[in-house]
Amino acid sequence: MDNKNTIVFKTLANFQGVRHQQTIGTSVLKDIKKLAKPRFLPLNLLFSYCALKPGKKLSDVETDVVCDNPPNDALNSVNKNEDMEVEVYPDSDVEDPDALIRRLLLSSLDDPYKKICTAVSVAVASIAQYDWPDDWPELMPLILSLINDQTKKNAVHGALRCLALISSDMDDKLVPEIVPVLFPCLHAIVSSPQNYDTYLRSKAVTIVYNCTSMLGVMSGVYKTDTSALILPMLQPWMDQFSSILNHRVPAEDPDDWSIRMEVLKCLSQFIQNFPGLAETRFIVIVGPLWQTFVSSLEVYQRSSIEGAEDPYDGRYDSDGAEKSLESFVIQLFEFLLTIVGSPKFAKVVANNVKELVYYTIGFLQMTEQQVHTWSLDANQYVADEDDNTYSCRVSGALLLEEVISSCGSEGIEAIIDSAKRRISESQQGKDSSSPGWWRLREATLFALASVSEQLLQAEVSALGIGNILEQILTEDMATGVHEYPFLYARLFSSVAKFSSVIKHKVTEHFLYAAIKSVGMDVPPPVKVGACRALSQLLPDADRGFLHSHVLDLFSSLTELLNNASDETMHLVLETLQVTVKAGHELSASIEPIISPIILNMWASHVSDPFISIDALEVLEAIKNVPGCIHALVSRVLPYIAPILSNPLQQPDGLVSGSLDLVTMLLKNASIEVVKAVYEVSFDPVIRIILQSDDHSEMQNATQCLAALVSGGKQDLLSWCGDPGFTMRSLLDVASRLLDPDLESSGSLFVGSYILQLILHLPSQMAQHIRDLVAALIRRMQSSQISGLKSSLLLIFARLVHMSVPHIEQFIDLLVSIPAEGHINSFAYLMFEWTRQQGEIQGAYQIKVTTTALALLISSRHAELGNVTVQGHLIKTAVGITTRSRAREVPDQWTLEPLPTKIMAILADTLIEIQEQVVAGEDEDTDWEEVDTEDAETDQDLLYSASAKLHGRPTYEYLDAMAKAFDEV
């Protein structure tokens, strides 16, 4: 069995007290010892046969611990000791060893122990990947015979579990052959609740889902064939699914939830992949689906929201599948998302969209478990809110967004009307002293906030939302902050989301309340909500109002920062950054207080990339406050100097972080600041790049040195008194970073560094241009990282622009330099450039590289016609490309002339640019790309490209592209 003999499964030897000293029964051992040659067998499979039977002694089997090719996660719930194999030495008279193993496994599928049965099923499915159907043709007939034998429920269970695993891995050849035979057997099981329990019926539906998923993938190529295959089976399954969904959802019945989940997954496949066939038959599902939706809310209310019944959170069945109420509700929302998002099926809910939204808001209430967890752990509250963690609340919010996208104004009206109904119900609960009234109020605000952008864009609804919120905010701010902390938190974030439609007086009142809450003794969720509100409200706050409160806010935030941790620290730092920017000149007065705190925070969390970056952003905001940069630099440099001078004595991450800090100080800094930083950091940074083996340090040092060159320009050469020595140091750095033997990660930012040398030290670099080009080609050929290749291509693009109007001379230079595996460096460069152009990211990079290609082709150099490059992908086979097929037949590409390829690239780029102009898109670029001087240089380069192209009337196409660039 080759590779499959090394498949090792999680052993069951320690389950129920079985130890290594126990072995399998003598009859099985006798069969195993008859194998034809020494081989390793998966010991777990043999244990699965009989090792868990009490009283068996197993002293004859040698075991070796291995961990090769761990199995499917279906065994996650199996108690295990370790992974083991057994080495077996055979006699000569024996049947084929592969056949013996397969026979032993199949004979164990009816084991009454479910975990053993699961282990055997995983083994059979794993071996089937290699042997079935060619070397194991009897597998499927045997499994089908087991499924059809109602007298052996254990065998049915084992066969279904095995088939569920096999069906998830079947390709486009096997599924069409097996579906006509398999589906009737499965339908018989699913439609016979009197003979089969819910668990078995659920597994049968899982197999239907797996097969239908593959048919859906195939439908893109074989639409007619797959439709003809699924058509006769669609109505019977629709009727059966309708029957399953028609009953009310029971409480504390995870098996029922599981089969409904599988039904919903199957229906999603029908709708997504066979919408035309399913549309006319879907009517039988609508009523039962609504019954499931409404009744599941009742169960969810009692079980998850109120905590009165068991929601089975975090629990799994014997196969490792989740069986919680939450997972079922999430699947229900995903199915509704599929319906609402489908043009053919959206009309099904169009007439009842208000009820759909109304019940959805009910699902958005905080569960008892969430309240408990978030009350104890503010970090988890922040993380779950910010990261949109997989939950019922998030799924419901996504459904509301889809309702607006699909239903337009009717969807918006439905959300507003449903919000009013839910607010009214929560008010009635509040008046009657119902303990859970606040949950419904909070859920309604959460629902409105989740679609705030769409609501604010609809002019008709904006005023109505503002009036609703003002009424809620006015009433609920009077309630106890300690009794309803999560409602208070939601009030703050709601004001921030809808501040544009809320009266200025109300917004300012909440801004004041948020400032006070940060410094008061209130529950952590309230502080979280206050920080979120401040982050969004402060940038637009009245300056006079801020002057009265900003110093108190700084004091409260710094104190809160000292007690924060993890996620809350991120939130406080973000709020502090916004406060510094909003404080204007007042922020300068608190620089001596806040800078040391943030620097200490940065130093103590320098190894945490998220917190250290947040701290750097606060320091950058302080640096940008007028009058603060010199004080900040004088505070930072004495601390940084010894770190950079003695990098080997520093804790992990401190050197890299310090280089980031220095780079931040250099951004857009005055020449005096750059010189002060140079005196402390230049020599240490050079040594780090030349001597360090830490790629993180090398990357950050390269960026730091690029910033020094960008800021110091020609003056930098004279600061040490010996311009020649400084230039040699810079070239030594370039030499190491362009060393083809250096790992690509260490050279990742060499592109930006070389660009700064070319831009700001052009006369010094001109005499080294040939050596530089040769080194760039060698580095590109040895690069294993696409991003590094793109940055090096950008250098060549800039060199093309700088060579105008003598582009022919630059091409001649490339032709004269050899390149391994190609006729010359120009041929290699163009082959790589045209292949990589589509991977280049950023508006700046695309502009420079594309216009450089236009300049190259406009030169009409003779060498252009001598180069062939990669064209388009050749389709070698029809149908789905499976993993095995991809390995056997790798991708093949055509070759085409370089001019043809360049024109195709220019055409694609022109179309994309025009679309961006129409859409008004504005991409962000890196700091070096938006530097004022560089931007002017780039503009000159673009105009030079335009002028060059206008000089060639034959290339009117390129003129159009140059004009399009000017519009971006």
Side-chain angles (χ1 to χ4, degrees), residues 378 381-382 385 438 441-442 445-446 448-449 452 456 462 465-564 568 571-590 593-594 618 621 625:
Y381 176 58
V382 174
E385 288 278 298
W438 66 271
R441 186 73 61 95
E442 191 275 343
L445 293 174
F446 175 79
L448 293 174
S452 58
L456 292 176
I465 289 293
N467 293 334
I468 294 173
L469 289 174
E470 287 177 10
Q471 180 181 355
I472 297 175
L473 298 172
T474 304
E475 293 178 357
D476 290 347
M477 279 301 288
T479 58
V481 64
H482 290 275
E483 289 84 355
Y484 310 109
F486 293 106
L487 178 57
Y488 257 77
R490 189 61 59 198
L491 291 173
F492 279 130
S493 60
S494 297
V495 171
K497 289 279 189 181
F498 293 99
S499 58
S500 62
V501 295
I502 296 177
K503 293 178 183 177
H504 177 72
K505 181 181 292 186
V506 176
T507 302
E508 193 170 276
H509 173 73
F510 267 87
L511 180 59
Y512 175 77
I515 293 173
K516 291 300 181 183
S517 296
V518 171
M520 293 172 57
D521 181 20
V522 295
V526 179
K527 292 181 182 286
V528 169
C531 285
R532 287 203 176 100
L534 290 171
S535 296
Q536 293 183 268
L537 295 176
L538 282 175
D540 300 321
D542 180 73
R543 180 170 293 192
F545 174 84
L546 279 179
H547 281 192
S548 304
H549 304 288
V550 71
L551 295 180
D552 290 339
L553 180 56
F554 275 124
S555 176
S556 299
L557 287 173
T558 51
E559 184 175 348
L560 187 60
L561 188 63
N562 292 328
N563 299 317
T568 53
L571 182 62
V572 175
L573 286 171
E574 180 184 351
T575 308
L576 198 52
Q577 178 191 353
V578 174
T579 305
V580 170
K581 293 179 178 179
H584 304 289
E585 65 274 6
L586 285 179
S587 299
S589 62
I590 54 88
I593 300 173
I594 195 171
V618 176
V625 173

Colleague: Please examine the side chains of Thr579 and Leu546, heavy atoms only from C-beta on, and report whether any two atoms are closer than 4.5 Å.
Modeller: no
Colleague: Filter on side-chain hydrogen bond (donor to acceptor under 3.5 Å, both in side chains), then keep only pairs touching residues 515-536, sequence neighbours left out; what's left?
Modeller: Asp386-Arg532, Ser535-Thr575
Colleague: To the closest 0.5 Å, what do you measure between CG (Leu538) and CD1 (Ile515)?
Modeller: 6.0 Å
Colleague: Test Asn563 against Thr568 for side-chain contact (heavy atoms from CB on, under 4.5 Å), laying out the working first.
Modeller: CA-CA 9 Å; Asn563 299 317; Thr568 53; over 6 Å; no
Colleague: For a quick test of your reading: what N or O donor-acceptor pairs under 3.5 Å do the side chains of residues 548-560 make, sequence neighbours left out?
Modeller:
residue, atom, partner, partner atom, Å
Ser548, OG, Gly544, O, 3.4
Ser556, OG, Asp552, O, 3.1
Thr558, OG1, Phe554, O, 2.9
Thr558, OG1, Ser555, O, 2.9

Colleague: Answer whether the closest heavy-atom distance between the side chains of Ile502 and Leu473 falls below 4.5 Å.
Modeller: yes
Colleague: Just verifying a value: how many Å separate His547 NE2 and Leu586 CG, rounded to the nearest 0.5 Å?
Modeller: 4.0 Å
Colleague: For Tyr512, does the OH atom have more than 12 heavy-atom neighbours from other residues, nucleotides or ligands under 6.0 Å away?
Modeller: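 Atom OH in Tyr512 is not crowded, with 12 or fewer foreign heavy atoms closer than 6.0 Å.
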Colleague: Working to the nearest 0.5 Å, report the span between CD1 of Ile465 and OG of Ser452.
Modeller: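 OG of Ser452 is found 10.0 Å from CD1 of Ile465.
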Colleague: If you look only at distance, which donor and acceptor atoms sit under 3.5 Å apart when one is on a side chain in residues 485-501 and the other is two or more places apart or in another chain?
Modeller:
residue, atom, partner, partner atom, Å
Tyr488, OH, Met477, O, 2.6
Tyr488, OH, Thr479, O, 2.7
Arg490, NE, Glu442, OE2, 2.8
Arg490, NH1, Glu385, OE1, 3.3
Arg490, NH2, Glu385, OE1, 2.8
Arg490, NH2, Glu385, OE2, 3.2
Arg490, NH2, Glu442, OE2, 3.1
Ser493, OG, Ala489, O, 3.4
Ser493, OG, Arg490, O, 3.1
Ser494, OG, Arg490, O, 2.7

Colleague: Treating Glu470 as the side-chain partner and Lys503 as the backbone partner, does any N or O pair qualify as donor plus acceptor under 3.5 Å?
Modeller: yes
